[in-house]
Novice: 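Structure below; questions to follow.
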Amino acid sequence: MFRRKKKEEAVEPTTEVASESTSAEAPSTDVSVGQVGAEAAAADTESAAVKAATGSEGVAAKTAGKRATSGRGNRVQKIGIVTSDKMQKTVLVRVDRTVLHQKYRRYVRRTSKFMAHDDLGSTTGDRVRIVETRPLSARKRWRVVEIVQKAAK
């Protein structure tokens, strides 16, 4: 308990010094904030004048930029091998990945199978790129984008 009182006494003088320095700095920051506020107000009036002059052209430019990106972000892409093409416009794609085993520190191959919508007509053995999409059926959430390599016949 004796030590705690000494630490608290040692802390109090440093906080007083810090409060004095912040009170001295406060007026100078208020002046700079006022100057920045005036500059921002001037910039706002200029931007309002530009918007009024452009009219609907500015709106068209904004919507064109949105259409170009289409708001979907980056979709997950995987490359795999078609294992089955017996369904209509649907293929079963096997995607292999290597994972470091936690205990043995060796790479282990993990396999996942995805059902993908296929308009390109890929066949068994083709290497294809699939992209994540909205649910198309109960188990189909992927779409074949391109055939990377045709199967050797």
Side-chain angles (χ1 to χ4, degrees), residues 4 7-8 11 14-15 18-19 21-23 25-153:
R4 286 186 183 168
K7 285 184 179 178
E8 289 174 3
V11 172
T14 57
T15 56
S19 64
S21 65
T22 56
S23 64
E25 293 174 6
S28 64
T29 56
D30 290 339
V31 172
S32 64
V33 169
Q35 291 171 352
V36 172
E39 292 171 4
D44 287 339
T45 56
E46 290 176 11
S47 63
V50 171
K51 287 179 184 176
T54 56
S56 62
E57 294 173 8
V59 175
K62 288 180 183 177
T63 55
K66 288 182 181 178
R67 272 191 235 129
T69 57
S70 69
R72 292 192 177 109
N74 292 332
R75 293 187 171 189
V76 178
Q77 294 186 359
K78 296 182 185 294
I79 295 179
I81 298 171
V82 176
T83 56
S84 173
D85 62 345
K86 294 183 179 180
M87 297 163 275
Q88 296 176 6
K89 292 195 174 184
T90 303
V91 291
L92 192 65
V93 180
R94 185 188 81 218
V95 176
D96 294 332
R97 60 189 176 96
T98 54
V99 179
L100 187 66
H101 194 282
Q102 232 175 359
K103 183 177 180 182
Y104 299 116
R105 295 293 176 201
R106 295 282 186 252
Y107 283 98
V108 183
R109 182 184 297 130
R110 299 280 183 223
T111 302
S112 301
K113 292 182 188 176
F114 300 102
M115 293 184 90
H117 184 75
D118 178 32
D119 282 332
L120 303 177
S122 58
T123 58
T124 304
D126 290 350
R127 185 179 211 83
V128 295
R129 181 185 314 273
I130 58 174
V131 175
E132 194 174 27
T133 186
R134 64 182 175 84
L136 300 172
S137 69
R139 297 186 303 168
K140 194 161 57 165
R141 275 107 172 97
W142 296 84
R143 185 170 35 94
V144 175
V145 177
E146 69 170 316
I147 300 171
V148 177
Q149 182 181 9
K150 292 295 279 182
K153 293 185 179 179

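Note that these values count all heavy atoms, side chains included, but never hydrogens, waters or copies made by symmetry.
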Novice: Just jot down the side chain to side chain contact (heavy atoms under 4.5 Å, CB included) partners of D119, sequence neighbours excluded, or say none.
Specialist: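 If we apply the side chain to side chain contact (heavy atoms under 4.5 Å, CB included) test to D119, skipping adjacent residues, the hits are K89, H117.
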Novice: For R75, does the CZ atom have more than 12 heavy-atom neighbours from other residues, nucleotides or ligands under 6.0 Å away?
Specialist: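 Correct, the count exceeds 12.
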Novice: Checking side-chain polar atoms at under 3.5 Å, does D85 have a donor or acceptor matched by the opposite partner on T123?
Specialist: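 Looking only at side-chain atoms, T123 and D85 do not form any donor-acceptor pair under 3.5 Å.
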Novice: Measure across S122 and V128 and return the closest heavy-atom pair with its distance rounded to 0.1 Å.
Specialist: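 Between these two residues, the closest heavy atoms are CB-CG1, 4.0 Å.
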Novice: Of all heavy-atom pairs between G80 and V95, which one has the smallest distance, and what is that distance?
Specialist: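 Smallest heavy-atom distance, with atoms named: CA-CG2, 4.1 Å.
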Novice: Donor-acceptor pairs under 3.5 Å, side chain of residues 142-149 to any protein atom, not counting sequence neighbours: which ones?
Specialist:
unit_1: E146; atom_1: OE2; unit_2: R129; atom_2: NE; d: 2.7
unit_1: E146; atom_1: OE2; unit_2: R129; atom_2: NH2; d: 3.2

Novice: Does any non-hydrogen side-chain atom of R134 lie less than 4.5 Å from one of L136?
Specialist: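 Yes, at least one pair of side-chain atoms sits under 4.5 Å.
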Novice: Rounded to the nearest 0.5 Å, what separation is found between the CZ atom of R105 and the OH atom of Y107?
Specialist: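 Between atom CZ of R105 and atom OH of Y107 there are 9.5 Å.
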Novice: Could you measure the distance from the CD atom of Q77 to the CD atom of E132? Nearest 0.5 Å is fine.
Specialist: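 The CD atom of E132 is 10.5 Å from CD of Q77, to the nearest 0.5 Å.
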Novice: Work out which heavy atom in T124 is nearest to a heavy atom in A151; give both atom names and the distance.
Specialist: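 Minimum heavy-atom separation between T124 and A151: O-CB, 3.6 Å.
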Novice: So does K113 have more than 12 non-hydrogen atoms from other groups sitting under 6.0 Å from NZ?
Specialist: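 Counting other residues, nucleotides and ligands, NZ of K113 stays at 12 neighbours or fewer.
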Novice: Which atom names give the shortest non-hydrogen contact between R141 and A138, and what distance separates them?
Specialist: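 Heavy atoms only, the tightest pair is NH1-O, 3.1 Å.
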Novice: How would you list, by chain and number, every residue that makes a side chain to side chain contact (heavy atoms under 4.5 Å, CB included) with T83, sequence neighbours excluded?
Specialist: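 Checked T83 against side chain to side chain contact (heavy atoms under 4.5 Å, CB included); matches are L92, R94.
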